[in-house]
Each structure stands twice: as C-alpha cells, then as structure tokens.
**Q** 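Submitted below is the structure of interest, expressed as structure tokens.
The basis for the numbers below is simple: all heavy atoms, side chains too, and nothing from hydrogens, waters or symmetry mates. Since we're looking at a predicted model, the values are computed, not measured. When a ligand or atom number is given, it counts from 1 through the structure's own listing order.
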Amino acid sequence: MSNRMPRTLHGGLEHCSVNTATLGHREPLRITVDRIARAGFGSIAPWRSEVEGCDVQAIARQIREAGLGVSGYCRSTYIPALEVAQFRANVESNRRALHDAAVLGARCFVMVVGGIPAGSRDLAGARAQVHDAVADLLHLAKAVGVPLALEPLHPVYAANRSVLNTLGQALEWCQIIDPEQSGYLGVAIDAYHCWWDPQLTACVAQAGKAKRILAFHVCDWLHDTQDVLLDRGMMGDGVIDLAGLRHLVEAAGYAGAVEVEIFSKDNWWKKDIDDVLRVCADRLQTVC
Ligand code: ZN
C-alpha cells in the first residue's frame, strides 16, 4: 500500500465531493444536489438538517439518479450529557440518523462527538460517555451497513464541540472499541482539524494500516483566521500543505472521495453558489 501512486485530481472531479455546508445551506437540498452534479463532482455530503423531516427515500433516489455518491452523512448529535436521560436521548437521535444514512447509501456517518456539557468540568467523564455511546452505536452501524467515522476536532473545540481532538486519540478509541477491525469504525481526517499535529504523518500511516480511514475533508486554515468555526479558507488560500496531506492519506490506502468542507460565513457563503463550486473544482485540481 505504501508504494501506491497518488491519484491526480486534475480531470478527476469524480473523486471529489462537496459537503453541502460549503454552500452555506442557502437552498433546499434538491437544488444543491443538481448543482453539485452539474458542476461535475462525484459525490455529496449532506447534513441532517437538510434531510430530516423530508422524504429520505426520495432524496436518496435523486442523489443516485444525479450520478452522485454520498461520501458521508453529517453529523452525529453531541453525546455527553449531565443527565442519563439526556445521554440516552442523544444516542437515540444518532440511531435515527444512522438509519437515514443507510437509506442515503452514505459511505460513513460522521461523528462529531460533542464537548463538555455546560455546567460540568468532567472531561474524562465526557470522554467515557462518548466511548459508551460509540460502542453501542457500532452494533447498529454493522446492522445497517454504515461505518462510523470519528472526526477528531482541533483542540480549540474541546469545550463545546468535541472532546476527541487528535487523530492519535481517535485511533486509540477505535482500537479499544473495535479491536477486531470490523470495518465499521474508523476516522474522518479533516485537514482543518489535523494539519498542526506533530504526530499526523505517523498517525495517518497507522490509520491506513488499520484500515480506519473513512473520509478525508479539505479546506484551508487561513494564516489570520478571524473565527475558528466560520472562517475556514478555500484550498490554496491558507497554510496547509493539502497535496502533501492527500498523498499521505492515499499512500496509506484511502481511495474514497476528497471532500470539500468550508464554513465561511462572511466570505464563501456570500458568493454566488455556482461560482463557489467552480472555485472548489479548480482548487481541488490545482492545489490539493
Ligand atoms: Zn470535517
């Protein structure tokens, strides 16, 4: 695997996916699906807010008929809670989402695990709750045929979004929860969250060896980021060596989609949607 040649993305948009958040959730999913297909991408990653309450079968059919794959389904309900009843409700919400992910034919269910519940200082407890929930959800993941992709988030989000913060930590959890490497528990490697990690090269290789890489998300970290949540950069506009990272991920055996995921309230979310897709396509092929 380590001597596998890196793919070229030039002329290879079919290997690329658009996470619908990139377009700012300004239009109904049925319109977004057509735009992404028309722009030449091979897959889409929709969000639950666009899917839930709609006819999921019909959405799945439209995506299929547009010729798109589903690189991931975003994302889990945060798990840690102060009260057991709330914890159970969070797990239950994720169970429902996993069923929808199966209908959509998603390659994985993206798990952003949640931070420390407001009012708590129990980081270890929050992490233990996530362990328990993921172990529980793994049974359903196997039953419905949709792998769980744990997405470590940059540590700046440890309080309010994710107590899972590095790829190494995610791999450790995978090994504890799923030592048999069932194929139903792995990681989503998001360049934005992982680029700074001195262990990244070693961990990507380790993830590949364990066949845990389920998704690869790209955007850029702007040198002078204004808002860590909503000021992600377009590929090529920031500090991340995206081509280098993609080569690492693919040399480790990942053959799935390269998914663009840009949250950019004051910039890309204000631009014409087809223009954003054109720039994404261009940057994927020239800088990723
Ligand atoms: Zn991501």
Side-chain angles (χ1 to χ4, degrees), residues 15-25 36 41 43-51 69-79 94 97 101 104 106-115 130 134 146-158 160-171 173-174 185-197 200 203-204 207 212-222 225 227-235 237-238 240 242 245-246 248-249 254 256-265 268-269 276 280 283-284 288:
H15 300 305
C16 299
S17 177
V18 177
N19 184 301
T20 58
T22 305
L23 309 178
H25 297 301
I36 290 172
F41 293 92
S43 350
I44 185 171
W47 282 66
R48 287 168 66 186
S49 56
E50 302 168 304
V51 169
V70 176
S71 57
Y73 186 40
C74 289
R75 61 163 167 66
S76 58
T77 300
Y78 297 156
I79 289 161
N94 285 318
L104 293 169
R107 302 293 300 264
C108 63
F109 178 52
V110 176
M111 295 204 62
V112 174
V113 299
V130 175
V134 172
V146 179
L148 306 175
L150 300 178
E151 180 164 345
L153 260 51
H154 189 288
V156 75
Y157 300 107
N160 62 351
R161 289 176 188 273
S162 176
V163 292
L164 176 61
N165 304 106
T166 65
L167 186 52
Q169 186 188 13
L171 292 171
W173 291 11
C174 286
L185 185 60
V187 294
I189 299 177
D190 187 322
Y192 189 78
H193 296 300
C194 296
W195 67 275
W196 56 273
D197 184 346
L200 186 58
C203 287
V204 169
R212 300 276 193 200
I213 308 176
L214 298 173
F216 177 47
H217 301 166
V218 296
C219 66
D220 216 332
W221 185 287
L222 299 174
T225 297
D227 176 329
V228 288
L229 183 64
L230 297 175
D231 188 27
R232 290 187 180 207
M234 177 62 65
M235 298 78 74
D237 289 348
I240 307 177
L242 289 164
L245 181 55
R246 181 172 68 83
L248 277 182
V249 167
Y254 178 71
V258 178
E259 178 183 317
V260 182
E261 185 184 33
I262 302 174
F263 301 80
S264 172
K265 184 164 67 77
W268 296 101
W269 288 357
V276 174
C280 287
R283 300 294 181 84
L284 280 162
C288 291

**Q** Which atom, among the N/O/S set of E261, is closest to the Zn ion (ligand 1)?
**A** OE1
**Q** Side chain to side chain contact (heavy atoms under 4.5 Å, CB included), that's the test. Do V130 and M111 meet it? Break it down for me.
**A** CA-CA 10 Å; V130 175; M111 295 204 62; over 6 Å; no
**Q** From the Zn ion (ligand 1) out to just under 2.8 Å, does an N/O/S atom of E151 turn up?
**A** yes
**Q** Once the angle between the rings of F109 and Y73 is folded into 0 to 90°, is it parallel (under 30°), tilted (30 to 60°) or perpendicular (over 60°)?
**A** tilted
**Q** To the nearest 10 degrees, how large is the angle at the Zn ion (ligand 1) between D190 OD2 and H217 ND1?
**A** 110°
**Q** Kindly compute the distance separating CG (L150) from CG (L185), expressed to the nearest 0.5 Å.
**A** 5.0 Å
**Q** Hey, is CZ on R212 packed in by over 12 heavy atoms from elsewhere, all under 6.0 Å?
**A** yes
